Amino acid sequence: MWGTLFNVSTIIIGSLIGGSLRERFPVRFQTILLQAMGLVAIAIGLHTTVVNLEKSQYPIVFILSLAIGAVIGESLQIQQRMNSKIDQGTNGSLASGLKTAVLLFCIGSLSILGPIQAAINHNYTFLITNGVLDGITSIVLAATFGFGIMWAALVLFIWQGSIYLVTFLFQQSLDPTLFVEPMIIGGILIFASGLAILKIKELPTLNLLPGLFVSMIITVFLSITLGL
């Protein structure tokens, strides 16, 4: 788990650095940083989606998963509940920044494959690399949105920790293809987050998050049923 702890620490440190620089940044620099992060999110989202679509054995799965996940997320009002809690003690822009940070930090190849590799091979290369990248990203995000970005580190810890524990307990039976469909959906969500940052279109991305887990369930079901 020390690889995940390293990743978490880089986000916290990066948030502290970025947050301390925020007051020294004129509004125009905050604006251009925000726009830059929006473009980065769109680029990462597109890349993640396209790369994993090529690996997908069941191209229809991400469509079904997004639809089912959207219904579940809307029923649970995940987006509305998180916005309400964040907005109680923060400004509105931090809510947008945190949603973006959570997606960028958690839904990516390195963040998902890192704890899997650590649990199976005790190899922490992916997690260390991801930690460095997240640290730099958190500096930029915190310089734009403030110290509150460090809360994304807690979400990352729960996310990567859960993946690590599940992989460690069931490593003999886990198929790497199980994570292809969730990463397609993750790429779409990161892309949607970029659109929101650029103020092109505000989408309830958090209400779509259940699609990640739905896709894994459908993939397992198809694998057992079809014997693939």
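The model shown is predicted, which means the values in this text are computed figures rather than measured ones.
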Inset, instruction - Tell me whether Trp151 is reachable from Ile17 by hopping between hydrophobic residues (I, L, V, M, F, W, Y) whose side-chain heavy atoms are closer than 4.5 Å. - result: yes

Inset, instruction - Rounded to the nearest 0.5 Å, what's the gap from SG on Cys106 to CG on Leu189? Could you check? - result: 11.5 Å

Inset, instruction - Using the rule that two of Ile, Leu, Val, Met, Phe, Trp, Tyr join whenever any of their side-chain heavy atoms come within less than 4.5 Å, decide whether Ile63 and Ile184 are in one cluster. - result: yes

Inset, instruction - Look up atom CD1 in Ile68 and atom CD1 in Ile217, then write down how far apart they are to the nearest 0.5 Å. - result: 9.0 Å

Inset, instruction - Identify whether Ile185 and Ile42 are in the same connected component of the hydrophobic contact network (ILVMFWY, side-chain heavy atoms under 4.5 Å). - result: no

Inset, instruction - Output the distance between atom CG (Leu195) and atom CG (Leu203), rounded to the nearest 0.5 Å. - result: 6.5 Å

Legend entry - Minimum heavy-atom distance Val140-Thr144, with the two atoms named: O-OG1, 3.0 Å

Inset, instruction - To the nearest 0.5 angstrom, please state how far the CD1 atom of Ile13 sits from the OG atom of Ser15. - result: 10.0 Å

Legend entry - Residue pair Arg28 / Ile32, side-chain heavy-atom distance below 4.5 Å: no

Legend entry - Heavy-atom side-chain proximity of Phe105 to Ser138 below 4.5 angstrom: yes

Inset, instruction - Apply side chain to side chain donor-acceptor pair (under 3.5 Å) to Thr4 and list each qualifying residue two or more places apart in sequence or on a separate chain. - result: Gln160

Legend entry - Short side-chain to backbone donor-acceptor contact, Thr49 and Leu46, under 3.5 Å: no

Inset, instruction - Output all residues satisfying side chain to side chain donor-acceptor pair (under 3.5 Å) with Ser56, sequence neighbours left out; order by chain, then residue number. - result: Glu181

Inset, instruction - Measure the shortest side-chain to side-chain distance between Leu127 and Phe6 over non-hydrogen atoms and say whether it is less than 4.5 angstrom. - result: no

Legend entry - Pro115 to Ile163 - nearest heavy-atom pair and separation: CG-CG2, 3.7 Å

Legend entry - same_hphob_cluster(Leu141, Leu16) at 4.5 Å side-chain heavy-atom cutoff: yes

Legend entry - Minimal non-hydrogen separation, Ala142 against Gly19, with atom names: CB-N, 3.5 Å

Just list the side-chain donor-acceptor pairs under 3.5 Å for residues 206-214, sequence neighbours left out, or say none.
from: Asn207; atom 1: OD1; to: Ile78; atom 2: N; distance (Å): 3.1
from: Asn207; atom 1: OD1; to: Gln79; atom 2: N; distance (Å): 2.7
from: Asn207; atom 1: ND2; to: Glu74; atom 2: OE1; distance (Å): 2.9
from: Asn207; atom 1: ND2; to: Gln80; atom 2: OE1; distance (Å): 3.3

Inset, instruction - With sequence neighbours left out, write down each residue that passes side-chain contact (heavy atoms from CB on, under 4.5 Å) with Val50, or none if nothing qualifies. - result: Glu54

Legend entry - Spacing of Ile139 atom CD1 and Thr10 atom OG1 [to the nearest 0.5 Å]: 9.5 Å

Inset, instruction - Under the side-chain contact (heavy atoms from CB on, under 4.5 Å) rule, collect the residues that match up with Ile136, sequence neighbours excluded. - result: Val132

Legend entry - Minimum heavy-atom distance between Tyr164 and Ala118, given as atom pair plus value: CE1-C, 3.9 Å

Inset, instruction - Would you please name every residue forming a ring pair (Phe, Tyr, Trp, His ring centres under 6.0 Å) with Phe191, sequence neighbours left out? - result: none

Inset, instruction - Go through the structure and list residues passing side-chain contact (heavy atoms from CB on, under 4.5 Å) with Leu64, not counting sequence neighbours. - result: Ile60, Ile218

Legend entry - side-chain contact (heavy atoms from CB on, under 4.5 Å) partners for Leu5, two or more places apart: Phe157

Inset, instruction - Tell me whether Leu76 is reachable from Ile158 by hopping between hydrophobic residues (I, L, V, M, F, W, Y) whose side-chain heavy atoms are closer than 4.5 Å. - result: yes

Inset, instruction - Rounded to the nearest 0.5 Å, what's the gap from CG on Leu154 to CD1 on Ile11? Could you check? - result: 10.5 Å

Inset, instruction - Carefully, step by step, assess Phe62 and Leu53 under the rule side chain to side chain contact (heavy atoms under 4.5 Å, CB included). - result: CA-CA 9 Å; Phe62 84 92; Leu53 270 174; 3.8 Å; yes

